[in-house]
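Within every chain, numbering begins at 1; the chains are lettered A, B, ... in the order of the sequence lines, protein sequences first and strands thereafter.
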There are 2 protein chains.
Amino acid sequence: MLQGHQSWKFENKPVILSTATIVGPEEGKGPLVNDFDIIHEDNWIGQDSWEQAEQKFMEETVKLAIKKANLTTDGIDFYLGGDLMNQIISNSFTARTLAVPYLGVFGACSTSMVSLSLSSLLVNSGAANHIACGACSHNSSVEKQFRYPTEYGSQKPPTAQYTVTGAGASIIAKEGKGPRVTGATIGKVVDMGITDPFNMGVAMAPAAVDTIEAHLRDFQISPDYYDLIVTGDLAKVGHQIATDLFHKHKIPIDQTEFKDCGLMIYELDNYLIIAGGSGCGCSAVVTYGHLMKKLRNGELNRILVVATGALHSPISYQQGESIPCIAHAVSIESE
Amino acid sequence: MLQGHQSWKFENKPVILSTATIVGPEEGKGPLVNDFDIIHEDNWIGQDSWEQAEQKFMEETVKLAIKKANLTTDGIDFYLGGDLMNQIISNSFTARTLAVPYLGVFGACSTSMVSLSLSSLLVNSGAANHIACGACSHNSSVEKQFRYPTEYGSQKPPTAQYTVTGAGASIIAKEGKGPRVTGATIGKVVDMGITDPFNMGVAMAPAAVDTIEAHLRDFQISPDYYDLIVTGDLAKVGHQIATDLFHKHKIPIDQTEFKDCGLMIYELDNYLIIAGGSGCGCSAVVTYGHLMKKLRNGELNRILVVATGALHSPISYQQGESIPCIAHAVSIESE
């Protein structure tokens, strides 16, 4: 299964039986409005706190994915998930509700592809027949935890990104109909010394480039193998830097479409959004909503999703540490 | 590889090539003093903050495990680790130093066996040749984050536990000499409605019992298959509850030695320790230090390590949530 230095080739091609996405109001105003299962009109969704709301988003999304796969929780062997909350409580409490064996994972905003790559590995190796996997974020709970209380209404620089409120989940199976996971590349931590938590895209861009280059090297392919290579949440500034780095390294990225989930999910003329979307939910809902739809209807055949994450914490930032970043890539192909 | 409902049988029996443990001064005063590689005389180990010290413990321990396996970081395919710090920074920063592909995992104090079970699965399935895996905790950084600033010197109830300062790491390989990982059981979240973060052992005991019973059921064995079944950090009160639950469920736990890492690492007549040890580092250093020594010298042949974790956060506790718990079991057998 090990392919090259840091990749896995999934010979049994695990199937993505179903996916589900539930988002908040801002995401419902964006261009992908028709690609999500449920769009909530407010961020509280009947809960008493933002943290509880985030958990509810995750819980409802996994339940919906299980239902769409015509399964019940009894048919799910394991749940793999993670999020940005301290001690990934949104996913641990979701696992409590599901009552299936649970493995918590963390890769900051790259978590969606940590859970998908490991889930695919488990199914590919016969360690599971059906796995539910997911990732989520909530704008208000994340802003409160990582930056300023939102009530302050403090101004943000033009590099700041808007954390997606939403959850994405998928059911990975040994057999069945649906797009298939064919490979994954696990990222190394890349740290270019950036210390500004309002400039995540710039910090994460070199990690995305490093993982994509490792993927192409490990599988001995060029970018045109894919119809689309999509990063997680580099947003405006970071995505441009990644493109420039590919040109500098003479990687023919122009052979394929090269996009970013953080640039796809919102209209960018919105004063809230600034440079684009971010958060674990960003790559999760764009992949499991928008991209899966295109893989199912034949508009796309082969894609590489490269979720990007900034592995700092408020404490590490306050203690003067720079922001270590990572990116994990998963290749998905239509049947 | 899937065995029963929630277990994995590792047919290729991945080898634990080497292990390393580094602990703080309190752990050096305990009965396992001769089983650790390095015992530091203070908790700061030359760093400016407790968080940086915790990271240093982890980093040095993984490097030592790699060295003891006669490898360099170039020979390590992946690093899997996690800890109790928000956004598992101790392990993410360790991964930055190691510069090997990294997967972050989280299971609170059960993290040691999340990383060991997944690492063994990766090696067993051919997804890696050599993996480094680890877990750590630091008494001062954990107390500061989860309870009161230690400077307060606040009194604690008799159920409180003392977080271990220490890190444990191991190198898992396809081939070589050393004890072998033969199976794992992934736990479900069990929540009995306990809301007191000074009473973790009680909250976690039912999760430990649930996972051990699932393990015996999945592998169709009785407790006497093992020379020792050891829980992670149930401590005095929790371990007694677990024993009582086994008796109630008519599981013949008395057939084997049934111990707890949290009761093994310290002398319990110490006013600091109270009910026993806890933290991700507890099961990590007792397993990789003390138990591996006994497996290597033939005093033990088959053990089941059942690391236990409380999956709450300060926020979930403050919002009135109960404490969801989990336990993951890994069986290790001498060659």
Self-check item: Contact origin within B:A99 toward chain A - heavy atom pairs under 4.5 Å
Solution: backbone
Quiz prompt | Heavy-atom contact with chain A under 4.5 Å, split by part of B:V105 | solution = both
Practice problem: With chain B as the partner chain, list the residues of residues 317-325 of chain A whose heavy atoms fall under 4.5 Å from it, by residue number, and write 'none' if nothing qualifies. | Solution: A:Q319, A:E321, A:S322, A:P324
Exercise. Using modelled atom types only, decide if a donor and an acceptor are shared between the side chain of B:Q6 and the backbone of A:F78 within a distance under 3.5 Å.
Key: no
Quiz item: For the candidates B:S92, B:A214, B:A127, which exhibits the highest count of non-hydrogen atom pairs separated by less than 4.5 Å from chain A?
Solution: B:A127
Quiz item: Just by distance, do the side chain of B:E51 and the backbone of A:I315 share a donor-acceptor pair under 3.5 Å?
Solution: no
Quiz item: Checking heavy atoms, do the side chain of B:I186, its backbone, both or neither come under 4.5 Å from chain A?
Solution: both
Exercise. Identify which of B:P101, B:S7, B:A95 forms the greatest number of heavy-atom pairs closer than 4.5 Å to chain A.
Key: B:P101
Quiz item: What residue in B:L103, B:N124, B:L84 has the most heavy-atom pairs under 4.5 Å with chain A?
Solution: B:L103
Quiz prompt | Between A:H328, A:K188, A:Q52, the one whose heavy-atom pairs under 4.5 Å with chain B are most numerous | solution = A:K188
Quiz prompt | Engaged part of B:Y79 at the chain A interface, taking heavy atoms whose separation is under 4.5 Å | solution = neither
Exercise. State the OG-CD distance between A:S316 and B:Q55, to the nearest 0.5 angstrom.
Key: 9.0 Å
Exercise. Taking the side chain as every heavy atom from C-beta outward, state whether A:I89 and B:H312 have any pair of such atoms under 4.5 Å apart.
Key: no
Quiz prompt | Max heavy-atom pair count under 4.5 Å with chain A, selected residue of B:V190, B:L122, B:D48, B:D77 | solution = B:L122
Quiz prompt | Region of B:Q145 in contact with chain A, defined by heavy-atom distances below 4.5 Å | solution = side chain
Quiz item: Can you find a heavy atom in the side chain of B:L311 that is under 4.5 Å from one in the side chain of A:F93?
Solution: no
Quiz item: So which of B:S313, B:G82, B:S49 has the largest heavy-atom pair count under 4.5 angstrom toward chain A?
Solution: B:S313
Quiz item: Highest number of heavy-atom pairs under 4.5 Å with chain B: which of A:I88, A:T211, A:N86, A:N91?
Solution: A:N86
Quiz prompt | Contacts with chain B made by residues 108-119 of chain A (heavy-atom distance under 4.5 Å), listed by residue number | solution = A:V114, A:L118
Quiz prompt | Any side-chain heavy-atom pair of A:S125 and B:L121 under 4.5 Å | solution = yes
Quiz item: Rounded to the nearest 0.5 Å, how far does CG of B:D74 lie from NE2 of A:H5?
Solution: 8.5 Å
Quiz item: Would you say B:P314 and A:Q87 make side-chain contact, with heavy atoms under 4.5 Å?
Solution: yes
Self-check item: Side chains of A:I326 and B:Y102 in contact at under 4.5 Å (non-hydrogen atoms)
Solution: yes
